[in-house]
There are 2 protein chains.
Amino acid sequence: MQDPLKLDDFICFAVYTASHALNRVYKPLLDTLGLTYPQYLAMVALWEKDGQTVGGLGEKLFLESSTLTPLLKRLENAGYIRRDRSREDERVVVIRLSEEGVRLKEKAIGIPGCIVEASGRNAADLTRLQAEIVALREALDRSVV
Amino acid sequence: MQDPLKLDDFICFAVYTASHALNRVYKPLLDTLGLTYPQYLAMVALWEKDGQTVGGLGEKLFLESSTLTPLLKRLENAGYIRRDRSREDERVVVIRLSEEGVRLKEKAIGIPGCIVEASGRNAADLTRLQAEIVALREALDRSVV
DNA sequence: CAATAAATAATCGTGCGCGATATAAAAGCC
DNA sequence: GGCTTTTATATCGCGCACGATTATTTATTG
């Protein structure tokens, strides 16, 4: 039996470094929008469905309020969103796109295509790989409970 | 043509969230060793090959000195490594495992098996997926140059 | 050999990301 | 209605992660 502690055999290390590599590809594209990568993901979630709560966004993005609250405040300062406390339930904060935030979508529309190109694969292949990685994430999440 | 800005179709989002999910699985295991996940990766790299330079580790782990230097100082404070400036080339800092650092490997030996189990897949399947993710990373790295 | 360039770590500032905790509002309970 | 519990967000501390810059040493060049 070979030594199981080989870095290059770790799927975790592959995912960890692939995540950083994706970030490096996104960085110059997102710089033109004035967004970081997590901020971009939050905007994508809001372009899909405006008016989500902090908790709802956290569930979709798998992030805690301790991560999201300061991130959303930075998006608010940038003028892309508004954070309004709900009238019906004062505990809840609703996130809404500003007009500038809505307009930003047009500038972001080409980004996914750039990523597909950088990956050097066709869309179908990426979709298959994407589904496999999602399945891995779901299995891991189940194991943690 | 459908809206390309769907979060759940992004391979980047899959990788990003899978990376966090892996971290959540590792956390309780690594807590028993007193290591964070990036610290664990650095230790794995050193168990593979002791006496690497900061730059060499950075190349292997895809990390900058601005990330590694403070991380390695924490490992030094924990007593797992020593940081010695090279005699031949004073610019270089060589990282060596302490005796405690060497011993720690025994406690870490079971971790990869736990991850395989948490993934709910067999080893061959994981190896295949791992290779695919590495290929993605390499394609992305090539595109950035 | 002196001036310049390149290489190697370290430092600094910013933004995640999370666990633990705090705060406040809402819901449930006697 | 007052008391406890739950829920939703915010705050704080710590550790990455990186880009930009700096300091020091080594290599190169004229």
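This one's a predicted model, so the numbers in the text were calculated from it and none came from an experiment. Below, chains carry the letters A, B, ... as their sequence lines are ordered, and counting in each starts from 1. The figures here come from the full heavy-atom set of this structure, side chains too, leaving out hydrogens, waters and symmetry mates.
Scanning residues 14-36 of chain B for heavy-atom distances under 4.0 Å to DNA chain C yields B:Y16, B:H20, B:R24.
Hydrophobic clustering, defined by side-chain heavy atoms of Ile, Leu, Val, Met, Phe, Trp and Tyr closer than 4.5 Å, groups B:V92 together with B:V94.
Legend: residues meeting side chain to side chain donor-acceptor pair (under 3.5 Å) with B:E48, ordered by chain and number and at least two apart, are absent. With sequence neighbours left out, the side chain to side chain donor-acceptor pair (under 3.5 Å) criterion links A:T17 to B:R137. Residues satisfying the side chain to side chain donor-acceptor pair (under 3.5 Å) criterion with B:K27, sequence neighbours excluded, are B:D31. By the salt bridge (charged side-chain N to carboxylate O under 4.0 Å, His left out) test, A:R74 is found to be paired with no residue, residues two or more places apart in sequence or in another chain being considered. Taking B:E59 as the reference, nothing meets the salt bridge (charged side-chain N to carboxylate O under 4.0 Å, His left out) condition, with sequence neighbours excluded. Legend: residues meeting side chain to side chain donor-acceptor pair (under 3.5 Å) with B:E132, ordered by chain and number and at least two apart, are A:R128, B:R128.
Atom CD of A:E90 and atom C1' of C:dT23 are 14 Å apart (whole Å).
With hydrogens and angles disregarded, a donor-acceptor distance shorter than 3.5 Å links the side chain of A:T32 to the backbone of A:L29. Judged purely by atom type and a 3.5 angstrom limit, A:T127 uses its side chain to pair as donor or acceptor with the backbone of A:A123. Between the side chain of A:W47 and the main chain of A:G101, a donor-acceptor pair closer than 3.5 Å is present.
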For this session: Between protein and nucleotides 6-12 of chain C, map the contacts as a letter string: B base, S sugar-phosphate only, - none, heavy atoms under 4.0 Å, written 5' to 3'.
Result: -BSSBBB

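Comparing the local axis fitted to the first five base pairs of the helix from C:dC1-D:dG30 to C:dC30-D:dG1 with the one fitted to its last five gives a bend of 10°, rounded to 10°.
First and last contacting nucleotides of DNA chain D toward chain A (any atom under 4.0 angstrom from a heavy atom, 5' to 3' order): D:dT7 to D:dC18.
Listed by first and then second residue, the salt bridge (Lys or Arg N to Asp or Glu O under 4.0 Å) pairs involving residues 91-100 of chain B are B:D84-B:R96, B:D89-B:R91 (not counting sequence neighbours).
Counting non-hydrogen atoms under 4.0 angstrom, A:E59 reaches nothing in the nucleic acid.
Note on B:K60 versus A:D8: no salt bridge recorded, every NZ/NE/NH1/NH2 to OD/OE distance being 4.0 Å or above.
Connection of A:F62 to A:L140 is established within a shared hydrophobic cluster, with ILVMFWY side chains joined at heavy-atom distances below 4.5 Å, either directly or through further cluster members.
Between A:E64 and A:S86, the residue anchored nearer the 5' end of DNA chain C, judged by the nucleotide with its closest heavy atom, is A:E64.
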